[in-house]
Amino acid sequence: MKYALYFIFLLFLNCSNTITEQDLQLLNGYWEIEKVVSVKNKTTQYGINATVDFYFIDKNNIGYRKKTTPDFSGKYKTNNIKDSIRINKIDEQFVIQTSTSLASWHDVIIKLTTKELVLENENGARFYYKKHQKFNL
């Protein structure tokens with residue numbers, strides 16, 4: 001019985017990480033990188049970040065990402081360079097397809113909640129983000 005409960009608990013945890021179409025709207029907003037874990041399991045931790053990623057997607061899952069710089073007044077500065085993004089469902093996973101004038105790439109959304117975002121790039125590196133909190137002095 002003890003093992004059955006353990007199995008059910010693990011099954012519940014795996015099912016709870018499923019991302020739905022409605023969850024994609026949680027991507028909208030400011031995200032701050034916490035760490036990157038490479039394919040070789042090397043972890044790079046980030047402390048205070050000078051830039052924060054801003055994502056916007058519409059109801060058709062089309063939008064943009066841009067780099068912003070938070071200031072101590074609670075505002076964000078940007079140079080208004082936007083990377084075009086589109087989110088598609090491929091093989092039961094949601095994939096952010098990004099394109100700029102110089103390159104294009106895709107990232108698989110591994111986890112997306114109100115507070116956490118985990119992306120995996122084409123090389124298998126994982127990028128861990130947290131929702132950015134504005135500075136309010």
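Here the structure is a predicted model, which means the values were calculated and not measured. We number each residue from 1, following the sequence as shown.
No chain of hydrophobic side-chain contacts below 4.5 Å, direct or via other Ile, Leu, Val, Met, Phe, Trp or Tyr residues, connects V36 to W105. Hydrophobic clustering of Ile, Leu, Val, Met, Phe, Trp and Tyr side chains at less than 4.5 Å, counting indirect connections, unites I90 with I110. In the hydrophobic clustering of ILVMFWY residues, with side-chain heavy atoms under 4.5 Å counting as a link, I62 and I96 come out apart.
In this structure, the separation between OH on Y129 and CD on E116 is 14.0 Å, given to the nearest 0.5 Å. With rounding to the nearest 0.5 angstrom, the OH atom of Y64 is 4.5 Å from the NZ atom of K82. One finds the OG1 atom of T114 at 10.0 Å from the CG atom of D23 (value rounded to the nearest 0.5 Å). With values rounded to the nearest 0.5 angstrom, I81 atom CD1 is found 11.5 Å from R65 atom CZ. Expressed to the nearest 0.5 Å, how far CD of E21 lies from CD1 of I87 amounts to 8.5 Å. In this structure, CG on N61 lies 7.5 Å from CZ on F94, to the nearest 0.5 angstrom.
Heavy atoms from other residues, nucleotides or ligands lying under 6.0 Å from CD of Q45 number more than 12. Shown here is R86, whose CZ atom has no more than 12 heavy atoms of other residues, nucleotides or ligands within 6.0 Å.
Here the rule is side chain to side chain contact (heavy atoms under 4.5 Å, CB included) with Y128, and of I33, V37, T43 only V37 fits it.
Without hydrogens or angle criteria, T69 side chain to V52 main chain gives no donor-acceptor distance under 3.5 Å. Looking only at distances, a side-chain donor or acceptor of N28 sits under 3.5 Å from a matching main-chain atom of I57.
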Listed pairs under 3.5 Å, donor-acceptor, residues 118-126 side chains, sequence neighbours left out:
unit_1, atom_1, unit_2, atom_2, d
E120, OE1, R126, NE, 2.7
E120, OE1, R126, NH2, 3.1
N121, OD1, N123, N, 2.9
N121, OD1, G124, N, 3.0
N121, OD1, A125, N, 3.0
E122, OE2, H106, N, 2.9
E122, OE2, H106, ND1, 2.8

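Residues T68 and K77 have side chains not in contact (no heavy-atom distance under 4.5 Å, counting atoms from C-beta outward). Side-chain contact between K111 and L117 is absent, with no heavy atoms from C-beta onward closer than 4.5 Å. P70 has its side chain within reach of H132: a pair of non-hydrogen atoms, C-beta onward, lies under 4.5 Å apart. Between L27 and Q25, the closest side-chain pair of non-hydrogen atoms is not below 4.5 Å.
Across all their heavy atoms, T113 and W31 have their closest contact at O-CH2, 3.5 Å.
Residues E34 and N49 have side chains that never bring a donor and an acceptor to within less than 3.5 angstrom of each other.
Checked against the 6.0 Å centroid threshold, Y76 and F54 do not count as a close aromatic pair.
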- Query: Step by step, would you call N88 with Q97 a side chain to side chain contact (heavy atoms under 4.5 Å, CB included)?
  - Reply: CA-CA 8 Å; N88 292 311; Q97 296 177 314; 2.4 Å; yes
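At a threshold of 4.0 Å, the pair K67-D53 counts as salt-bridged, since one of the basic side-chain nitrogens sits closer than that to a carboxylate oxygen.
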